[in-house]
Number of protein chains: 2
Amino acid sequence: MKIAPEELLRQHNLSLTAVRLALLEALHANPHSDAARIFDVVHNKIAAASKQAIYNNLNTLVECGIVREIKPKGQASLYETRTGDNHHHIVCRSCAGVFDTDCHDCAPCLTPKDSHGFVIDEAEVIFWGVCPSCQNNHNSKGKNNAEC
Amino acid sequence: MKIAPEELLRQHNLSLTAVRLALLEALHANPHSDAARIFDVVHNKIAAASKQAIYNNLNTLVECGIVREIKPKGQASLYETRTGDNHHHIVCRSCAGVFDTDCHDCAPCLTPKDSHGFVIDEAEVIFWGVCPSCQNNHNSKGKNNAEC
DNA sequence: TTAAAAATTTTGAATCAATCAAAATTATTT
DNA sequence: AAATAATTTTGATTGATTCAAAATTTTTAA
Ligand SMILES: [Mn+2]
Ligand SMILES: [Mn+2]
Ligand SMILES: [Zn+2]
Ligand SMILES: [Zn+2]
């Protein structure tokens, strides 16, 4: 977020509300977190905040393009403020940790071999594997690993 | 499925059951369908079949590698019998239709720019766009398109 | 600065895919 | 054919997300 949250909201004709500002702050500090996690952080700052408001705003912000949503198989939707750069993600099969990885900006990643006549606007890539921590903790088969 | 379903199941030490065979047949005839759809097809052939058996078997078959699961954002899990070739998918934002596309077998698609020390075993790619039918039906903004 | 209008939030209920659990049935092994 | 193991059925349950309506807040306009 180079641009201040307040401006960002104004640019998209969104009301400036306490929950919304807290949400953007929470997301910026905790990339790839789900609605429950964001709610925890926001609720910690604004006791009256509801989970529904988190869902409402996440949807609104995603529609506006202010927030990006990803949904790795087996997890709730994850959100981040890093948008517009078409970066990709690496997900750990063991602990479900998510990391960013930049896009090789090469044709193969952006163009399918057979487009079936589609007008394509996005190539979403998720790399699956096992993270360094989980490689060490051999006892964490299939289970989440606290260290990750 | 080059190999007969019966053999396939035997090879993986799975009991040969009516539901299982019907499921594999249904999946082969309807690639990229969800559990509900598969249940419909199976149930049509075996009146006594339960949805739970479909879920049980889909999980079992995915674990065995006989069936592949994908889960495009906003849809229930989809299943297919085409496995082991690391092919990718194109999904229509308008009608949710799913199509196969072969993998460019090039390094960029298989290797992230920064692996963060992960041991990576799969690169899952989903291309998002609008299919030919939906490009024509301009009135189908955001809604599913019966033609697709 | 205020009243009216519009947008957001809260609250509580509802959906829906998917899973859990236990008893009943079926398949496989002996 | 009996014993054992695996699968299926049935019914309840979970959990993320959405829906809906009343209450509150923000924005707009007077
Ligand atoms: Mn990211
Ligand atoms: Mn496919
Ligand atoms: Zn890990
Ligand atoms: Zn379409």
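Protein chains get the first letters and strands the later ones, always in sequence-line order, with residue 1 at the start of each. These numbers come from a predicted model, not from an experiment.
When the nucleotides C/dA7, D/dT18, D/dT9 are ranked by their closest atom to the side chain of A/Ser15, C/dA7 comes out on top. Taking only side-chain atoms of A/Ser50, from C-beta outward, the nucleotide of C/dT11, D/dT27, D/dA16 with the closest atom is C/dT11. Of all nucleotides listed (C/dT9, C/dG12, C/dA21), C/dA21 comes nearest to the side chain of B/Gln52.
For B/Asn59 and D/dA6, the CG to C1' distance is 16 Å, given to the nearest whole Å. Spacing between atom NZ of B/Lys73 and atom C1' of D/dA16 amounts to 16 Å, rounded to whole angstrom units. Residue A/Lys71 contributes atom NZ, which lies 15 Å from atom P of D/dG15 at whole-angstrom precision. Here D/dA12 presents its P atom at 18 Å from OH of B/Tyr55, a figure rounded to the nearest Å. Going from atom CG of B/Leu16 over to atom C1' of D/dT8 covers 15 Å, rounded to whole Å. Atom CG in A/Leu23 sits roughly 12 Å away from atom P in C/dT10 (whole-Å rounding). Per the geometry, CG belonging to B/Leu9 stands 10 Å off P belonging to D/dT8, to the nearest Å. A/Ile54 has its CD1 atom 14 Å from the C1' atom of D/dT17, to the nearest Å.
In terms of position on DNA chain C, the residue among A/Lys51 and B/Ala35 whose nearest nucleotide sits closer to the 5' end is A/Lys51. Nearer the 5' end of DNA chain C, as judged by each residue's closest nucleotide, is the contact made by A/Asn13, out of B/Glu69 and A/Asn13.
Across all strands, A/Ala18 comes closer than 4.0 Å to no nucleic acid atom at all (heavy-atom distances). At the heavy-atom level, B/Ala48 lies under 4.0 Å from the strands shown only through sugar-phosphate atoms. When heavy atoms are screened at a 4.0 angstrom cut-off, A/Ala36 is found touching no nucleic acid atom at all. Backbone-only engagement by B/Ser77 is indicated by non-hydrogen atom pairs under 4.0 Å involving sugar-phosphate atoms exclusively. At the heavy-atom level, A/Asn57 lies under 4.0 Å from the strands shown only through sugar-phosphate atoms. Within 4.0 Å of B/Ala53, counting heavy atoms only, lies at least one base atom of the nucleic acid. Here A/Thr17 lies in heavy-atom contact (under 4.0 Å) with sugar-phosphate atoms only.
The aromatic rings of A/Phe99 and B/His116 are tilted relative to each other, their planes meeting at an angle between 30° and 60°. Between B/His87 and B/His32, the two ring planes are tilted [angle within 30° to 60°].
Within a 6.0 Å radius of NZ in A/Lys73, more than 12 heavy atoms belonging to other residues, nucleotides or ligands are found.
Salt bridge annotation for A/Arg20-A/Glu6: absent, with no cationic side-chain nitrogen under 4.0 angstrom from a carboxylate oxygen. A/Asp34 has no carboxylate O lying under 4.0 Å from a charged side-chain N of A/Lys51, or vice versa, which leaves the two without a salt bridge. A salt bridge is absent between A/Asp100 and A/Arg68: the closest approach of a Lys/Arg side-chain nitrogen to an acidic carboxylate oxygen does not fall below 4.0 angstrom.
At the phosphate of C/dA27, neither OP1 nor OP2 sits under 4.0 Å from any side-chain N or O atom of B/Arg20.
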